[in-house]
Visitor: 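Before I ask anything, let me first share the structure, which is written out below as structure tokens.
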Amino acid sequence: MDRPRRILDRLRPERRTDVPENGRRGQGQVELPGASASHLRPDDRSLRRRSVDPGWPTRDRAVEKGVSMSEHERELAGAQREHWQRTYGEHPGMYGEEPSEPAVHAARVFRAAGARQVLELGAGHGRDAVYFAREGFTVQATDFSPVGLEQLHEAAGAHGVAERVATAVHDVREPLPLADGSVDAVFAHMLLCMALSTKEIHALVGEVRRVLRPGGVFVYTVRHTGDAHYGAGTGHGDDIWEHGGFAVHFFPRDLVDALADGWQSQEVHPFEEGDLPRRLWRVTQTLPR
């Protein structure tokens with residue numbers, strides 16, 4: 001495994017703002033300025049010193065733009081960001097230390113594909129990122145929340161894998177700050193089914209395709225329209241429903257199929273998780289060589 005180098009310079013602090021019923025960390029809108037140390041408060045410098053870069057190529061994002069958002073989408077994204085920040089602040093390590101079942105599956109698939117570097121989108125406090133590192137992968141973990149990523153750093157250090165884990169605060173509505181074809185594998189557990197529009201989801205999967213190497217594997221999970229919370233609570237349109245303060249985009253099967261266009265679709269596996277239970281699909285697809 002390559003030893004990560006300490007160069008990541010894209011962290012921005014957020015304010016710490018109830019374990020959620022949708023059982024997943026979320027993504028909100030956040031900028032990624034290339035701030036120098038002189039522009040950061042002491043707590044910001046601490047966050048940045050503890051982040052590392054696995055040495056993957058990055059690209060200049062100065063001229064990049066994400067998908068345009070309506071006023072309602074911006075308001076929803078901001079509200080969700082605050083809600084998730086508060087959740088992380090009030091419930092540190094809320095999902096425990098054991099990896100999710102999809103992460104265990106993904107590690108097997110990634111290893112079989114010869115992957116060495118894993119990009120995790122929506123890593124939260126890091127139970128799955130730490131698991132991947134313990135399994136020998138070099139991990140780039142992203143999330144909108146500095147609070148969650150700080151907890152990830154602490155967990156990685158406690159398990160002795162801090163040198164294998166890099167972090168970046170990143171909003172998945174924006175282009176990924178990685179070069180084309182620079183990643184072996186991508187993992188996202190219930191990240192795509194956050195409060196993202198269908199257009200934003202398509203753009204995100206396009207970005208995953210861009211950064212993956214030929215033959216790279218993408219494993220993601222989403223709640224679907226057979227879930228008990230689909231249609232419950234406050235509707236925001238586009239199959240997004242807010243229940244208990246957490247907004248979820250419930251996937252119809254045709255959206256999963258559309259996202260697999262141009263990929264080698266290996267598996268769409270239904271499973272349940274949690275006490276409700278949540279009903280999800282675990283999707284495994286590979287970029288053609």
Visitor: Could you work out, with salt bridge (charged side-chain N to carboxylate O under 4.0 Å, His left out) as the rule, every residue matching R134, not counting sequence neighbours?
Guide: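 Not a single residue meets the salt bridge (charged side-chain N to carboxylate O under 4.0 Å, His left out) criterion with R134.
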
Visitor: Are any side-chain N or O atoms of R210 and backbone N or O atoms of L178, one a donor and one an acceptor, separated by less than 3.5 Å?
Guide: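 Looks like yes, one N/O pair under 3.5 Å.
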
Visitor: Could you label the plane-to-plane angle of the F132 and F110 rings as parallel, tilted or perpendicular, counting under 30° as parallel and over 60° as perpendicular?
Guide: tilted

Visitor: Does some side-chain heavy atom of E267 sit less than 4.5 Å from a side-chain heavy atom of H105?
Guide: yes

Visitor: For the residue pair V169 and P146, what are the closest heavy atoms and their distance?
Guide: CG2-CG, 3.9 Å

Visitor: Given side chains that start at C-beta, do those of H243 and V248 come closer than 4.5 Å, heavy atoms only?
Guide: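 Result no, sub-4.5 Å side-chain heavy-atom pair not found.
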
Visitor: Does any non-hydrogen side-chain atom of T234 lie less than 4.5 Å from one of H236?
Guide: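 Heavy-atom side-chain distance check passes, below 4.5 Å.
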
Visitor: Quick check: does any side chain N or O of T286 sit under 3.5 Å from a backbone N or O of G215, one acting as donor and the other as acceptor?
Guide: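 Pair absent, no side-chain N/O of T286 close to backbone of G215.
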
Visitor: Would you please name every residue forming a side-chain hydrogen bond (donor to acceptor under 3.5 Å, both in side chains) with R111, sequence neighbours left out?
Guide: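 side-chain hydrogen bond (donor to acceptor under 3.5 Å, both in side chains) list for R111, sorted by chain: E135.
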
Visitor: Check side chain to side chain contact (heavy atoms under 4.5 Å, CB included) between A158 and all other residues, then give those that pass, not counting sequence neighbours.
Guide: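 If we apply the side chain to side chain contact (heavy atoms under 4.5 Å, CB included) test to A158, skipping adjacent residues, there are no hits.
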
Visitor: State the CD-OG distance between Q151 and S145, to the nearest 0.5 angstrom.
Guide: 7.5 Å

Visitor: Rounded to the nearest 0.5 Å, what separation is found between the CG atom of D171 and the CG atom of L196?
Guide: 8.0 Å

Visitor: So, taking the atom named CG in L119 and the one named OG1 in T138, what distance separates them when rounded to the nearest 0.5 Å?
Guide: 12.5 Å

Visitor: Please identify each residue that fulfils side-chain hydrogen bond (donor to acceptor under 3.5 Å, both in side chains) with R253, with sequence neighbours left out.
Guide: D257

Visitor: Which of these passes side chain to side chain contact (heavy atoms under 4.5 Å, CB included) with F218: V205, V183, T284, V109?
Guide: V205

Visitor: Specify the closest pair of heavy atoms between V217 and A113, including all atoms of both residues, with the distance to one decimal.
Guide: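 Taking V217 first and A113 second, the nearest heavy atoms are CG2-CB, 3.8 Å.
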
Visitor: Please report the interatomic distance CG(L212) to CG(D180), rounded to the nearest 0.5 Å.
Guide: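 The CG atom of L212 sits 11.0 Å away from the CG atom of D180.
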
Visitor: Is Y131 close to S100 at the side-chain level, that is, under 4.5 Å between some pair of heavy atoms?
Guide: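 No - every pair of side-chain heavy atoms lies 4.5 Å or more apart.
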
Visitor: Within the structure provided, determine whether F250 and H229 are in side-chain contact (heavy-atom separation under 4.5 Å).
Guide: yes

Visitor: Could you give me the CA-CA distance, side-chain angles and deciding distance for R164 and V139, then say whether side chain to side chain contact (heavy atoms under 4.5 Å, CB included) is met?
Guide: CA-CA 6 Å; R164 289 190 180 277; V139 183; 5.8 Å; no

Visitor: Do the rings of Y220 and F251 sit parallel, tilted or perpendicular, given the 30° and 60° boundaries?
Guide: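 Correct class here is tilted.
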
Visitor: Verify side chain to side chain contact (heavy atoms under 4.5 Å, CB included) between L204 and L121, making sure each step is shown before the conclusion.
Guide: CA-CA 10 Å; L204 172 56; L121 304 175; 4.1 Å; yes

Visitor: Quick one: closest heavy-atom pair of R116 and D184, and the distance?
Guide: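 Closest approach of R116 to D184, heavy atoms only: N-OD2, 2.9 Å.
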
Visitor: Would you say the side-chain atoms of R213 and Q117 include a donor-acceptor pair closer than 3.5 Å?
Guide: yes

Visitor: How far apart are the C-alpha atoms of V222 and L255, what are their side-chain angles, what is the distance that settles it, and do they pass the side chain to side chain contact (heavy atoms under 4.5 Å, CB included) test?
Guide: CA-CA 11 Å; V222 290; L255 178 53; over 6 Å; no

Visitor: Pair F271, E273 - check side chain to side chain contact (heavy atoms under 4.5 Å, CB included), show working.
Guide: CA-CA 7 Å; F271 71 104; E273 185 177 87; 4.1 Å; yes

Visitor: If a pair satisfies salt bridge (charged side-chain N to carboxylate O under 4.0 Å, His left out) and one of its residues is in residues 224-239, list it, with sequence neighbours excluded.
Guide: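 For residues 224-239: R223-D227.
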
Visitor: Between L152 and A141, which heavy-atom pair has the shortest distance, and what is it?
Guide: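 Scanning both residues completely, I find the closest heavy atoms to be CD1-CB, 3.8 Å.
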
Visitor: Between atom CD of E120 and atom OG1 of T142, what is the distance when rounded to the nearest 0.5 Å?
Guide: 7.5 Å

Visitor: Are any of the side-chain heavy atoms of Q285 and Q266 separated by less than 4.5 Å?
Guide: no

Visitor: Would you confirm whether R282, through its side chain, and E101, through its main-chain N or O, come within 3.5 Å as a donor-acceptor pair?
Guide: no

Visitor: Which heavy-atom pair separates W263 from L287 by the least distance, and what is that distance?
Guide: CE3-N, 3.6 Å

Visitor: List for me each residue that meets side-chain hydrogen bond (donor to acceptor under 3.5 Å, both in side chains) alongside H249, sequence neighbours excluded, and say none if there are none.
Guide: none

Visitor: Given 3.5 Å as the limit, does a donor-acceptor pair link the side chain of H159 with the main chain of V161, or not?
Guide: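 Checked: no pair found.
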
Visitor: To the closest 0.5 Å, what do you measure between OG1 (T221) and CZ (F187)?
Guide: 6.0 Å

Visitor: List the atom of T167, the atom of H153, and the distance in Å for their closest heavy-atom pair.
Guide: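 Between these two residues, the closest heavy atoms are OG1-NE2, 3.0 Å.
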
